[in-house]
Amino acid sequence: MKKVEIHPDAVERVKKFSINDSKLGFGKYVAPIMIQATYDNGEWQKFDLVPYGPLLLDPCSKVLHYGQEIFEGMKVFRQPDDSIKMFRPELNARRFNQSAKRMAMPEIPEDQFIHACEVICAYSKHLVPSRLGESLYLRPFMIATEVGMGIKPSKQFMFVIVASPSGSYFSGDAVKVYIERDDIRCAPGGIGFAKTGGNYAASLNSYDKTIKLGCDQTMWLDAIEHKYIEEMSGMNFLCVIDGTLQTPTITDTILDGVTRKSILDIARAENIEVVQKRLSINEVLEAIRAGRCTEAFVCGTAAVIAPISSFLDKDGTVTRFKEIPGKLGMQLREKLIAIQNGRAPAPEGWLYPVKDLSF
Ligand code: COI
């Protein structure tokens, strides 16, 4: 593993940096440092901690034309003893490499990925917020930097990690969902499971429609039958039907969310029945009308858990929950946040301590 080289100007910059804002929002602030590494001649070269700043890219870099790019989203939490811990970073490291494989990009050894994350966290320790529900959000990403117009995999790449002290993703209390019945986001055999910009780019046209219609998130259905729930544009979907926690089974068109996985683990540990299946949107809407589906929520690293208040369909029909927020979603949210912030015992290996560096 290559140790990250620390540039003194980066340390000087971050030492002097502070944020004075009671409403952090999501991604509004970034730490003034970043990790940067290059891949060339078939291997990862140096990893550096440098001052945050613009990336120098040739206009013909392949990422700018063919979208060869992947990223991750992960969080670091302040603990009651003032130490900081990363939440399940090995799952992000593994998923990053699964995305890399699908996008014909080089993998980063898991210990190298986690070490780079740990270094930017350690030097941003004073920027990790302490209020419950807030965290330092890490955004590791990799882009194809080889210059050329030919459509073929790049042989050169850049890996970067930036860090953002963040609060909640949604400004409102509950999420209004627009059911996208026309466009599709990804098809079987495609790139849906990979965390790559193309999946998010494919959602943006519908985002505008969703917002104009007074909703917050687009719900994507399967590409073949336009019937089964896949996920939201940036988060997974769960609901409670007949007292069981239900969510679409992960396939190659759905992102395998770390928060989703953690919620299912917490629910099982609390003896809540978890059902993973092909979940049709019409089945969910009918179950809401019949009073059998009592709540639904979205979950993701950025979003944590946010209750859904209503669904808007293409024909203008609105289906609302009677009780918002639902009880189970809020209980799971509290439990997850308590674990992340060291207020409740964490399952083995969920919290990765970031070493303390005095600098
Ligand atoms: C995350 O939750 O980390 C994501 O990357 C999704 C995006 C909506 C911020």
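As the structure lists them, so they are numbered: ligands from 1, and atoms in each ligand from 1. Bear in mind that the values here come from a model prediction, so they are computed numbers and not experimental data.
- On a distance-only criterion, Tyr169 and ligand 1 share no N/O pair closer than 3.5 Å.
- Ligand 1 has Lys195 within reach: a non-hydrogen atom of the residue lies less than 4.0 Å from it.
- On a distance-only criterion, Ala302 and ligand 1 share at least one N/O pair closer than 3.5 Å.
- Close contacts between ligand 1 and Gly73 involve ligand atoms 3 (O) [criterion: under 4.0 Å to a heavy atom].
- No salt bridge links Arg292 with Glu283; every basic N to acidic carboxylate O contact stays at or beyond 4.0 Å.
- Applying the 4.0 Å criterion to heavy atoms of Phe71 picks out, from ligand 1, the atoms 5 (O).
- For the residue pair Ser154 and Gln68, no side-chain donor N or O sits within less than 3.5 Å of a side-chain acceptor on the partner.
- Counting heavy atoms under 4.0 Å from ligand 1, residue Met74 does not touch it at all.
- Salt bridge status for Lys195 with Asp256: absent, with no side-chain N to carboxylate O gap under 4.0 Å.
- At a cut-off of 3.5 Å, with distance as the only test, no side-chain donor of Ser99 or Thr196 sits close to an acceptor on the other residue.
- Ionic pairing of Arg289 and Glu286 is not present here: no N-O contact between side-chain nitrogen and carboxylate oxygen is shorter than 4.0 angstrom.
- Closest protein heavy atom to atom 1 (C) of ligand 1: Tyr137 OH, 3.3 Å.
- Looking at Arg185 and Glu230, no side-chain N of the basic residue comes within less than 4.0 Å of a carboxylate O on the acidic one, giving no salt bridge.
- At a 4.0 Å heavy-atom cut-off, ligand 1 does not touch Lys75 at all.
- Of all atoms in ligand 1, numbered sequentially from 1 with element shown, those under 4.0 Å from a heavy atom of Gly234 are 6 (C), 8 (C).
- For the residue pair Gln340 / Arg78, no side-chain donor-acceptor distance below 3.5 Å is found, with atom types taken as modelled.
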